[in-house]
Amino acid sequence: MTAMNEDGVPIRADIPLDHHPDSLLGVARALNEPGSLGANALAAAREAMRIGYEAMGRLNDAERDMNAMGEPAIRRQHPVAGSARTEYSDNVRMIRGRPTRVQDATEFIDAAEKAFVRTAPAIDRRMHELRGYRDTLATRVSAALDNPARKTAEGLALASEVRAHMKGMKRPEDRTSHAMRAIEAEDKTTVAAILHAPAYLSGLTDEALAIVRARAAAKFAPLDSAQLHATEAAIRQVMNAGSALTRRYGDVLALRSAPAARAATSLRALGAAG
């Protein structure tokens, strides 16, 4: 059973919903700003999800139709005396929780292999685009949190003094509060000195520095920062869906080891001999 979403990609009951392009709606609010880099990232992520989702759907349809041609699986009593267990006979495998007789699947396996060769590079290209957008956004955020004067001789000396002053504060919470006040005051000199050096130089923990960095990013680069986090989330989602598709193809290719497939391969080799 399928339902149609507004973009025209069928929503299928036999594929997890988090593999569908619409599962990116959670990150779309941050990314879908017209003319922004995030809008391009969202388009690339949706296209990658669409390619994978439709490929898995075609694979499921082909496998379903192939297995529909087979005879029902036959149960027989387990050969161990007194055992209540049963086993399925001949070329029977559990496919998505159901015992299914495996046919001569050579043509199906070959078609799946060719489909994977076409599909995987297309998804990889979209992933390459996504990573490029993420790296550009990360560079923008980093630049927004810096102070150009910090790299001069005077700026480096001043940054060192800023960090030493913070580290000299007695209580850790005082150091964090000092950094937060600098952010609210838009004191880029202090903020850049803290963020562009290891945490211990300012007397902060790595966790505290991460909090300061996130607050500063939201203050000085609100759009790019939000889109950076959303793009990273989209990358994880596309990777998860891609991994599931790879495993699905792997399950199909493993059918080559089924007795019916091995026998068909041997018979073709015999017919071609001489």
Side-chain angles (χ1 to χ4, degrees), residues 24-49 124-169 172-239:
L24 292 166
L25 288 175
V27 300
R29 176 173 295 182
L31 294 175
N32 200 19
E33 287 287 336
S36 71
L37 203 61
N40 295 335
L42 179 60
R46 286 190 64 88
E47 179 65 6
M49 297 286 280
D124 287 345
R125 285 193 294 272
R126 298 298 177 267
M127 280 296 299
H128 181 74
E129 287 181 37
L130 271 171
R131 292 189 177 105
Y133 295 135
R134 179 206 49 202
D135 294 345
T136 300
L137 287 165
T139 299
R140 287 184 182 181
V141 171
S142 180
L145 301 183
D146 204 357
N147 177 20
R150 180 184 62 84
K151 298 179 182 179
T152 66
E154 295 81 1
L156 290 171
L158 180 57
S160 180
E161 291 179 11
V162 168
R163 292 190 293 268
H165 173 68
M166 274 191 63
K167 192 170 185 178
M169 296 177 180
E173 56 266 33
D174 290 340
R175 300 179 196 126
T176 303
S177 296
H178 180 75
M180 294 301 184
R181 286 195 298 272
I183 293 170
E184 291 307 312
E186 299 186 6
D187 181 357
K188 279 281 193 78
T189 299
T190 297
V191 173
I194 297 167
L195 296 181
H196 291 271
Y200 68 87
L201 291 179
S202 299
L204 297 172
T205 63
D206 290 339
E207 292 78 10
L209 183 62
I211 293 171
V212 171
R213 187 182 304 279
R215 181 72 65 84
K219 177 72 172 180
F220 297 111
L223 179 60
D224 285 343
S225 174
Q227 291 194 339
L228 173 59
H229 292 308
T231 300
E232 289 173 338
I235 287 173
R236 289 192 295 271
Q237 202 159 338
V238 172
M239 288 181 65

What verdict does the side chain to side chain contact (heavy atoms under 4.5 Å, CB included) test give for L130 and M127, after you've listed the backbone C-alpha separation in whole Å, the side-chain angles of each residue and the deciding distance to 0.1 Å? CA-CA 5 Å; L130 271 171; M127 280 296 299; 4.2 Å; yes
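- A donor-acceptor pair is defined here as one N or O able to donate and one able to accept, closer than 3.5 Å; no such pair exists between the side chain of S142 and the backbone of A138.
- Ion pairing between a basic and an acidic side chain is recognised when a charged N comes within 4.0 Å of a carboxylate O; R181 and E184 show no such pairing.
- The line from CZ of R213 to CG of L204 is 11.0 Å long, rounded to the nearest 0.5 Å.
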Dump the intermediate steps for side chain to side chain contact (heavy atoms under 4.5 Å, CB included) on L228 and E232, then the final yes or no. CA-CA 6 Å; L228 173 59; E232 289 173 338; 3.9 Å; yes
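- Paired with T231 under the rule side-chain contact (heavy atoms from CB on, under 4.5 Å), one option of N40, L37, L31 passes, and it is L31.
- Put simply, the side chain of V27 reaches to within 4.5 Å of the side chain of L24, judged on heavy atoms.
- A donor-acceptor contact shorter than 3.5 Å is absent between the side chain of S202 and the backbone of A199.
- Y200 contributes atom OH, which lies 10.5 Å from atom CG of D206 (distance to the nearest 0.5 angstrom).
- Side-chain N or O atoms of S36 include one that pairs as donor or acceptor with a backbone N or O of E33 at under 3.5 Å.
- Ionic pairing of R131 and D135 is not present here: no N-O contact between side-chain nitrogen and carboxylate oxygen is shorter than 4.0 angstrom.
- Side-chain N or O atoms of R175 include one that pairs as donor or acceptor with a backbone N or O of G203 at under 3.5 Å.
- When all heavy atoms of D224 and R140 are compared, the closest pair comes out as OD2-CD, 3.2 Å.
- To the nearest 0.5 Å, the span separating CD1 on I183 from NZ on K188 amounts to 11.5 Å.
- Interatomic distance, N32 CG to R46 CZ, rounded to the nearest 0.5 Å: 9.0 Å.
- Panel note: side chain R150, backbone T189; no donor-acceptor pair is recorded below 3.5 Å.
- A donor-acceptor distance shorter than 3.5 angstrom exists from the side chain of Q227 to the backbone of A30, with no hydrogens or angles considered.
- Between V191 and F220, the closest side-chain pair of non-hydrogen atoms falls below 4.5 Å.
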Side chain to side chain contact (heavy atoms under 4.5 Å, CB included) between K219 and S225, worked out: CA-CA 9 Å; K219 177 72 172 180; S225 174; over 6 Å; no
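- Of all non-hydrogen atoms in Y133 and A44, the two that sit nearest each other are CE1-CB, 4.4 Å.
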Does the side chain to side chain contact (heavy atoms under 4.5 Å, CB included) test come out yes or no for M180 and V212, once each step is laid out? CA-CA 7 Å; M180 294 301 184; V212 171; 4.2 Å; yes
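- To the nearest 0.5 Å, atom CD1 of residue I194 and atom NE2 of residue H178 are 6.0 Å apart.
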